[in-house]
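These values consider heavy atoms only, across backbone and side chains, with no hydrogens, waters or symmetry-generated copies.
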Amino acid sequence: MYESYEFYCLADRRFYETPANRGAQHPDFAITQRPVLTGWRHVPGEQWMHYAPDDLRLPQQGWKIHVSARLQDVQRTLEAVWEYCVPRGIAFKFLRNEAVLVMVNSKAAPRGSSGKLVTIYPTDDAQCELILKELNEVLAGVEGPYILSDLRYAEGPLFVRYGAFVSRHCLSPAGERVLAIEDAHGNLVPDHRGPTFVTPPWVPLPDFLQPHLDARNAVTTNDLAYTIDGVIQFSNGGGVYVGHHNETGDRVVLKEGRPYAGLDMAGRDAVTRIAHERDILEQLDGLDAVPKLHDYLQLGEHHFLVQEHIDSVSLQRELVRRYPLTHPDATEADKAAYAEWASAMIAKVGEAVGQLHERGVVFCDLHPDNLLLGVDGELTLIDFEVATKAEDQARSTLAHPGYAAPQDRQGVDVDRYALACIALGVYAPQATILLNLHPGKAFQLADMIADTFPVPRTTLDDAVKTIVGPGKTHDPDMVDLALPGKAEWTEVRDALTKAIVASATPERTDRLFPGDIAQFRDGGGIDLATGAAGVLYALSKTGSRFPQYDEWLRKRAVDTETGPGLYDGLHGVAHVLDELGYQQDALDLVDRTLADDWSSRELGLHSGLAGIGLNLLRFDTEPALRAQAVHVLDLVADRLQTDVPEISGGQHARAGLMYGSSGPALLFLNAFEQLGDTGLLDLAEIAIRQDLKRTVLTEDGMRQVNQGWRTLPYLEEGSAGVALVLERYLRHRPSEELAATLQELKRVTHCDYYVQPGLFMGRAGLVLTAAALGEDQATVDDLVHGLGWHAMPFEGGLAYPGNQLLRLSMDLATGSAGVLLALGTALHDAPVALPFLGPPQWSESPSRRSAPKEV
C-alpha cells in the first residue's frame with residue numbers, strides 16, 4: 001500500500017478512502033477500458049492496474065523496468081507500453097489515473113518510489129535488454145521525472161532496478177518485518193528501496209547497463225561556483241542545501257528543482273516553481289522580510305536557486321520549544337509568558353505579510369515552517385514557490401493543510417485566512433487542520449484557547465470571523481456537542497457510539513468502519529488496530545453490542561487472507577470474537593494462524609510474536625495451542641538476549657509497547673501469572689530494561705522514549721506504554737529503583753496538550769495510562785477535558801480525527817473507538833482495558849475453562 005495520508009484524501013472529504021472508490025471526480029486512464037485479452041488476467045489495485053498472461057511464470061526477483069512520463073506524455077506512453085507488452089506476453093502494471101500519478105509524484109511523495117508510471121517485469125536479463133532497447137526507440141521524445149531508486153537507461157524515460165517481483169518478507173537489522181529478496185546463499189534479506197540506485201552485492205550489473213552507470217557517475221557538482229556543505233531538507237521536488245560561494249566564502253542556501261518532479265495541484269513541477277520563485281524574489285528585492293536572491297543556475301537537468309543564508313530557526317521549532325502545555329504541570333505564569341511571546345510573533349508575521357501585499361504579492365503558503373526567526377529577532381519569509389500576484393486573484397496550488405484557505409478565498413484573502421489560522425494555531429498546534437473538516441470548529445477552539453491562555457478575546461474573535469466568514473456568531477453542531485469533561489460520561493459514550501454507528505458501511509466488504517489508511521492493506525478492514533474488530537471491542541467493553549456488525553466480522557474473517565498478528569491480523573480478530581461469545585469462530589481463526597512461518601515475524605505486540613504468544617496463552621486449554629504458546633515463548637526468549645542501542649527507531653529497533661521490548665515483557669508477565677515460573681519474570685525484566693535504555697529524562701522530569709531528534713510519550717512507541725508494563729512487573733517483583741523510574745515515566749500524563757487525540761499516538765492513550773496506573777483524579781480529569789481540543793461533530797454524534805488529523809477515524813488505534821475505550825477506562829462503571837493489559841489474562845477469556853496454577 002502507498003504510505004501517504006494525502007493519497008487517501010483524494011476520494012472523500014470526511015474519511016480516509018482508497019482512490020479505487022474515488023467516483024467520477026478522478027476517472028481512470030482511458031486505456032483501462034480496453035478489454036482484457038483471452039488468456040490474460042487483470043488485477044485492479046488501489047494504486048496500480050496489473051496485467052499478465054495467465055500462463056506466465058515470472059522469477060521471484062530480477063531486473064524490473066520502470067517508465068516515467070510527464071503529464072502531457074502519459075497517454076502516449078501507456079498506449080505504447082500496452083501495444084508493446086501485450087503481443088509479446090510481457091507482464092506490466094501502471095498507475096490507474098492522473099490523480100494518483102500527481103499524488104505519487106507530488107512534492108511530499110516518497111523520493112525513492114516517485115516518478116514511476118509503468119512497471120514492466122522481464123523474465124530474464126536477455127529480455128530486459130531487448131525491452132529496453134526497443135522501448136527506448138518507441139518512446140523517443142517522451143520525458144519524465146528521474147526515478148531516484150533506479151538507473152536510467154540512455155536519456156529517455158526508462159529506468160531499471162534489481163528487486164523483488166513477488167512479496168516475500170524477512171526481518172531487517174532493526175528487527176522489523178520488511179520486503180525481501182533472496183541472496184546468493186538462498187537467504188532472505190531486505191530489498192533496498194531508498195532514493196539511491198544500489199545493486200545487491202551478489203548481483204553483477206549486466207554488461208548492457210554498464211555504460212549507463214558510467215554516464216550517471218560522470219555527473220558531478222565540480223563545475224558549480226558553490227560548494228554544498230550540508231542538507232537542510234529533501235523533498236521529492238529536490239533538495240535544499242546549505243553551502244558557500246567558492247570565491248567569496250559567502251554562506252548561501254541552494255534550492256534544487258528536479259524536472260517533472262514535485263508536482264503541485266496545478267500540475268507544475270519543481271523546476272517551474274523555483275523559476276517562478278526567482279521572479280517573485282526579484283519583485284520583492286529590498287524587503288527586510290524576504291531573503292536576497294544571489295543566483296540562478298542549471299546543472300544537467302536540475303535547476304538551482306541560490307539565495308541568502310539566514311542564521312535562524314523556524315517559527316515552528318521555536319513554538320515547539322516554548323509551548324508550555326507539552327510540559328508537565330504548566331503554571332498560569334508559564335501560559336502568560338507564552339501568550340505574550342505568541343502575540344508578538346503574530347504581530348510580526350502580520351507586518352511581514354503586509355510588506356508583500358504592498359508590493360502586490362500574495363504569499364499563498366503561509367505557515368510556521370516557512371517563517372524564520374533570526375538571532376536578532378527579525379522575521380523572514382521563505383519558500384515563494386507558489387506565491388502569486390495579488391491582481392490575479394489566484395488560489396494556492398501547494399499549501400500546508402492547517403493553513404490552506406477554502407475554495408471561496410482568492411488573492412490576499414488567502415494570506416489573511418492563513419494569518420487567522422496562525423493566530424489560533426500558535427495556541428493549539430496543528431489543530432487548525434480540523435477546519436478543513438468543519439470550519440465551525442474555530443468557535444470552539446477559540447473558547448478553549450481563551451479558557452487556557454490570557455489572550456484578548458477580540459484577537460480570537462477576529463481570527464474566527466476571518467475563518468468562518470462574516471455574519472456567523474456560532475456553530476450549532478459544536479454548541480450541541482457532548483464534550484468529554486463537560487457532559488456526563490453516558491452522554492459522551494452515547495455520542496461517540498452514535499457517530500461510530502452512523503459511519504458504518506455493512507454493504508462494503510473491505511471495511512465496516514472508516515479508519516486509518518492501514519485498513520486498506522490486506523486484511524486491515526477486520527483487524528484490531530484499524531478494522532472492525534477493534535471498534536466492536538471498544539463498543540462492547542463500554543456497554544454496546546451490535547449483532548449485525550458481529551455477523552459482518554464473522555463472515556469477513558472467514559473470507560479474508562491476512563497475517564497472524566494481534567493488532568493487524570487474525571489473532572486480534574479471534575480475541576475479539578472470543579470476547580463477543582463466538583468461541584468456535586475464534587478457535588478456527590487461531591488454527592489458521594498455525595500454518596504461518598514465524599521466522600520472519602518481529603518480536604513486538606502489534607504484529608509479532610509477543611501478541612501471537614499472548615493470544616495463544618489465552619486459549620491454552622487446547623493442548624495444541626498450549627504447545628504453540630510455549631514454542632512462541634521459547635522463540636521470543638531466544639531472540640531477546642541481545643543488547644539494544646540507546647536510540648529508538650530509524651536504523652534501530654523501536655522501543656515501546658507495540659513494537660518494542662515492552663511487548664515481549666508483557667508476554668512473559670502474562671505467562672508468569674499463568675504458569676508460575678519465576679524465570680519468566682527474569683525475562684520480563686530484561687525486556688523492560690531494554691526499553692528503558694532507549695528512554696531519556698527530559699529537563700522537566702519526564703522519562704520519554706528517545707528517537708534522537710525527538711522524544712515520545714505515547715502508548716504505541718513512548719513512555720506511556722512502557723509504564724503500563726513496568727507497573728505490572730512491579731506488582732510481582734518490587735524494586736525501589738524501577739519504582740522511581742515508573743514515576744518519571746508517569747510524568748508524561750501531566751501535560752495539557754497532545755497534537756493528536758488517538759489511543760496509540762495521542763491523548764487518548766495518556767487518558768488510558770493515567771486511569772490504569774491510578775493517577776490522581778485531577779490529572780485524569782484534565783486529560784479527559786483536553787479531548788475537547790480535537791472533538792468533532794458527525795451525524796449528530798461525537799467523532800475524532802485519525803492520525804495526521806486530515807480525516808475523521810472510527811478505529812481503535814487512531815480514532816473515535818480508541819477515545820471511547822480510553823474514556824471507558826477512566827469513567828465506565830465496569831473495568832475496561834486493552835487486551836492483556838487488564839486483570840490477569842487467564843480470567844479474561846469466556847472460553848477458558850480452568851484456573852491457573854497458584855503463583
Side-chain angles (χ1 to χ4, degrees), residues 312-354 366-379 381 400 402-403 415-435 441-468 478 483 485-486 698-700 702 750-757 763 778-779 781-783 785-791 805:
S312 60
V313 64
S314 73
L315 179 61
Q316 176 64 28
R317 181 171 293 184
E318 186 66 7
L319 186 159
V320 170
R321 186 182 73 83
R322 290 175 176 264
Y323 191 65
L325 302 190
T326 52
H327 300 277
D329 304 319
T331 66
E332 295 304 314
D334 295 332
K335 298 172 189 176
Y338 178 79
E340 182 179 359
W341 173 82
S343 296
M345 288 300 104
I346 294 168
K348 281 189 175 184
V349 176
E351 293 169 5
V353 173
L366 185 63
H367 59 83
D369 274 318
N370 279 349
L371 299 165
L372 300 184
L373 287 175
V375 292
D376 55 0
E378 293 302 310
L379 187 139
L381 302 170
H400 188 291
Y403 306 87
D415 284 352
R416 290 173 181 155
Y417 180 91
L419 282 168
C421 289
I422 288 175
L424 299 183
V426 292
Y427 300 107
Q430 304 300 318
T432 53
I433 295 174
L434 302 177
L435 302 178
K441 175 69 177 177
F443 289 107
Q444 191 245 345
L445 280 179
D447 289 341
M448 293 201 70
I449 292 168
D451 290 343
T452 308
F453 293 95
V455 184
R457 188 70 210 209
T458 54
T459 300
L460 300 174
D461 290 343
D462 288 345
V464 171
K465 187 182 299 182
T466 299
I467 289 167
V468 302
M478 297 303 304
L483 292 173
K486 290 190 175 182
T698 63
E699 292 180 358
D700 43 24
M702 295 188 293
H750 289 248
C751 300
D752 290 325
Y753 195 85
Y754 305 88
V755 170
Q756 298 183 147
R763 177 182 289 271
T779 297
D781 289 346
D782 286 345
L783 287 165
H785 177 266
L787 285 165
W789 288 111
H790 297 97
L805 309 180

Output the distance between atom [atom1] ([X]) and atom [atom2] ([Y]), rounded to the nearest 0.5 Å.
| X | Y | atom1 | atom2 | answer |
| --- | --- | --- | --- | --- |
| Asn370 | Leu381 | CG | CG | 8.5 Å |
| Asp700 | Thr326 | CG | OG1 | 8.0 Å |
| Leu460 | Phe443 | CG | CZ | 12.5 Å |
| Leu445 | Thr432 | CG | OG1 | 8.0 Å |
| Arg321 | Gln316 | CZ | CD | 13.5 Å |

Holding to salt bridge (Lys or Arg N to Asp or Glu O under 4.0 Å), I want the full list of residues that pass it with [X], two or more places apart in sequence or in another chain.
| X | value |
| --- | --- |
| Arg457 | Asp447, Asp461 |
| Lys335 | Glu332 |
| Asp329 | Arg747 |

State, yes or no, whether a side-chain contact exists between [X] and [Y] at a heavy-atom distance under 4.5 Å.
| X | Y | answer |
| --- | --- | --- |
| Leu325 | Thr452 | yes |
| Leu371 | Ile422 | yes |
| Leu805 | Pro757 | yes |
| Phe453 | Val426 | no |

Heavy-atom donor-acceptor pair, [X] side chain to [Y] backbone, under 3.5 Å:
| X | Y | value |
| --- | --- | --- |
| Arg317 | Asp369 | no |
| Asp451 | Met448 | no |
| Lys348 | Gly377 | yes |
| His790 | Val755 | yes |

Not counting sequence neighbours, which residues clear side-chain contact (heavy atoms from CB on, under 4.5 Å) with Lys486? List them please.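 side-chain contact (heavy atoms from CB on, under 4.5 Å) list for Lys486, sorted by chain: Leu483, His785.
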Quick one: side-chain contact (heavy atoms from CB on, under 4.5 Å) partners of Thr458, sequence neighbours excluded?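 With neighbours one apart ignored, the set is Pro456.
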Measure up the Trp789 and Tyr753 rings against each other and bin them: parallel (under 30°), tilted (30 to 60°), perpendicular (over 60°).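 If you compare the ring of Trp789 with that of Tyr753, the planes turn out perpendicular.
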Please work out whether the ring planes of Tyr338 and Tyr427 are parallel, tilted or perpendicular, with thresholds of 30° and 60°.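 Perpendicular: the ring planes of Tyr338 and Tyr427 meet at over 60°.
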Looking at residues at least two apart in the chain, or sitting in another chain, which of them share a ring-ring contact (aromatic ring centres under 6.0 Å, His included) with Tyr403?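 Tyr403: ring-ring contact (aromatic ring centres under 6.0 Å, His included) contacts with His400.
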Could you report the tightest heavy-atom contact between [X] and [Y], atom names first, then the distance?
| X | Y | value |
| --- | --- | --- |
| Leu366 | Asp415 | CD2-O, 4.0 Å |
| Val468 | Ala442 | CG1-CB, 4.2 Å |
| Leu379 | Ala352 | CD2-CB, 3.8 Å |
| Ala336 | Pro454 | CA-CG, 3.7 Å |
| Ser314 | Leu372 | CA-CD2, 3.9 Å |
| Leu319 | Pro429 | CD2-CG, 3.9 Å |

Test Thr779 against every option in Asp781, Asp782, Leu783 by the side-chain contact (heavy atoms from CB on, under 4.5 Å) rule and name the one that passes.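 It is Leu783, the one option of Asp781, Asp782, Leu783 that forms the side-chain contact (heavy atoms from CB on, under 4.5 Å) with Thr779.
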Side chain to side chain contact (heavy atoms under 4.5 Å, CB included) between Thr459 and Ser343: does it pass, once the steps are laid out? CA-CA 9 Å; Thr459 300; Ser343 296; over 6 Å; no
